[in-house]
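Notes follow the structure.
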Amino acid sequence: MNDNAHNKFGRRGFLQGVAAVTGALSLSPPSTAGAGHGMPAAGASDFRSLPVPESGYQSLGPDEAGFVEALVNVMCPADSFTPNGVDCGLAIYIDRQLAGGFGKGERLYMHGPWKAGKPEHGYQLPLTPEQFFKAGIAAADEAAQQKLGRGFADLKSEEADTFLQDIAAGKIQDARLPLDSWFNELIYPLFVQACFADPMYGGNVGKVFWRIIGYPGLPAVHADDMVQSRGKPYPAAGHPKSIGDFS
């Protein structure tokens, strides 16, 4: 989303918030960009060495994939920090999660009764996360058609950004499902996970998000490293290690 968006969804505020919550700042420079702290921000030339994201979708159909690709590119635009969301593997991560146990609701109670719940009760629909995700895509795309005369994937970046903000704020309603919950409780968490999960799951291609917050990957859980690097830049943060690097 653009830099004028709400702090929760603007990517600069998003990166700062995640770094603070995960404790990555205790192992890295105070700035998420790292510029001026011994860890230069990634530049466009750095992206040439990134791996190519996996190809092919296991859950999303063509139209759904088009929606998700447009979505992640709006929420993660290409700039001096990262490539766009698709090139970072974010759409692939989301697809793989929907196709797996999470998307199929393997850990959810799915036998009802389906009574209306309060907001603090959390997810209360008789849909698996995959079904909820896809139903939300259909509802959001229909809302975009009604409101703006085009499907979501055909909107300009600024229009799509504002449209997502309105969904998150509950300004766009659908009689069939709660679109604000769909975005805030399913879409946005999956987006965050796609950015910062281990690259083996499809997102965070080339560990690009780990690099810009100075997160070292698996060494972050090493007790000695945590003690020695607390409050200081982690010496090897520019070359984080993933699960694949140790397998």
Side-chain angles (χ1 to χ4, degrees), residues 1-2 5-11 13-14 17-18 57-76 85-86 90-110 112 114-148 150-155 157 159-197 202-203:
M1 294 186 171
N2 64 41
H6 188 282
N7 286 339
K8 178 179 179 183
F9 303 114
R11 196 172 65 171
F14 155 70
V18 171
Y57 291 101
Q58 299 176 3
S59 172
L60 301 170
D63 290 341
E64 294 164 341
F67 185 104
V68 172
E69 289 181 359
L71 176 84
V72 299
N73 282 346
V74 169
M75 297 179 71
C76 177
V86 170
L90 307 188
I92 288 295
Y93 175 93
I94 291 172
D95 172 76
R96 299 300 187 263
Q97 291 301 304
L98 296 177
F102 166 79
K104 305 303 181 186
E106 287 184 354
R107 301 185 67 178
L108 297 179
Y109 179 79
M110 299 298 298
W114 309 107
K115 298 180 179 179
K118 298 180 180 179
E120 59 266 29
H121 292 160
Y123 182 78
Q124 296 290 315
L125 296 176
L127 301 173
T128 65
E130 181 184 38
Q131 292 169 336
F132 187 28
F133 191 99
K134 294 188 174 192
I137 285 179
D141 209 46
E142 182 178 315
Q145 288 279 4
Q146 294 176 352
K147 183 178 177 66
L148 301 168
R150 283 161 290 151
F152 180 79
D154 295 322
L155 300 179
S157 296
E159 292 176 313
D161 187 47
T162 300
F163 181 75
L164 293 178
Q165 293 287 341
D166 287 346
I167 285 181
K171 296 179 181 179
I172 296 178
Q173 302 289 330
D174 184 89
R176 297 159 294 184
L177 53 80
L179 277 175
D180 55 343
S181 295
W182 170 77
F183 184 86
N184 294 321
E185 299 174 24
L186 183 60
I187 296 293
Y188 193 73
L190 279 172
F191 170 76
V192 174
Q193 294 163 23
C195 292
F196 291 100

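- Between Arg150 and Glu159 there is a side-chain heavy-atom pair separated by less than 4.5 Å.
- For Gln173, the side-chain contact (heavy atoms from CB on, under 4.5 Å) criterion is met by no residue, not counting sequence neighbours.
- Contact check for Cys76 versus Val86: no side-chain heavy atoms found under the 4.5 Å cut-off.
- Residues Ala153 and Gly66 approach most closely at CB-O, 3.9 Å, considering heavy atoms.
- Residue Ala144 comes nearest to Phe163 through the heavy atom pair N-CZ, 3.6 Å, listed as atom of the first residue, atom of the second, then distance.
- The closest side-chain heavy-atom distance from Asp174 to Leu177 is below 4.5 Å.
- Side chain of Trp182 to main chain of Ile187: no donor-acceptor pair is present (N/O by atom type, distance under 3.5 Å, no hydrogens or angles).
- Of all heavy-atom pairs between Gly202 and Ile92, the closest is CA-CG2, 4.2 Å.
- Taking Asp180 as the reference, Pro178, Asn184 meet the side-chain contact (heavy atoms from CB on, under 4.5 Å) condition, with sequence neighbours excluded.
- Gln97 is linked by a side-chain contact (heavy atoms from CB on, under 4.5 Å) to Tyr93, Phe102, Leu190, counting only residues two or more places apart in sequence or in another chain.
- Residues passing the side chain to side chain donor-acceptor pair (under 3.5 Å) test with Gln145: none are found, sequence neighbours excluded.
- In terms of the side-chain contact (heavy atoms from CB on, under 4.5 Å) criterion, residue partners of Ala65 (sequence neighbours excluded) are, by chain and number, Tyr57, Leu60.
- A distance of 11.0 Å separates CD1 in Ile172 from CZ in Phe183, rounded to the nearest 0.5 Å.
- In this structure, the side chains of Phe133 and Val68 come closer than 4.5 Å at one or more pairs of heavy atoms.
- Residue pairs that meet the salt bridge (charged side-chain N to carboxylate O under 4.0 Å, His left out) test with at least one member in residues 137-147, sequence neighbours left out, are Glu142-Arg176.
- The distance from the OG1 atom of Thr128 to the NZ atom of Lys134 is 9.0 Å, given to the nearest 0.5 Å.
- Residues Ala139 and Leu179 come closest through the heavy atom pair CB-CD2, 4.0 Å.
- Contact annotation: the side chain of Leu90 approaches that of Cys195 to within less than 4.5 Å [non-hydrogen atoms, C-beta and beyond].
- Inter-residue side-chain proximity for Glu130 and Ser59 is flagged as met; some heavy-atom pair is nearer than 4.5 Å.
- Taken to the nearest 0.5 Å, the CG atom of Leu71 stands 11.5 Å off from the CG atom of Leu155.
- Considering every non-hydrogen atom in both Met110 and Gly105, the closest pair reads CG-O, 4.3 Å.
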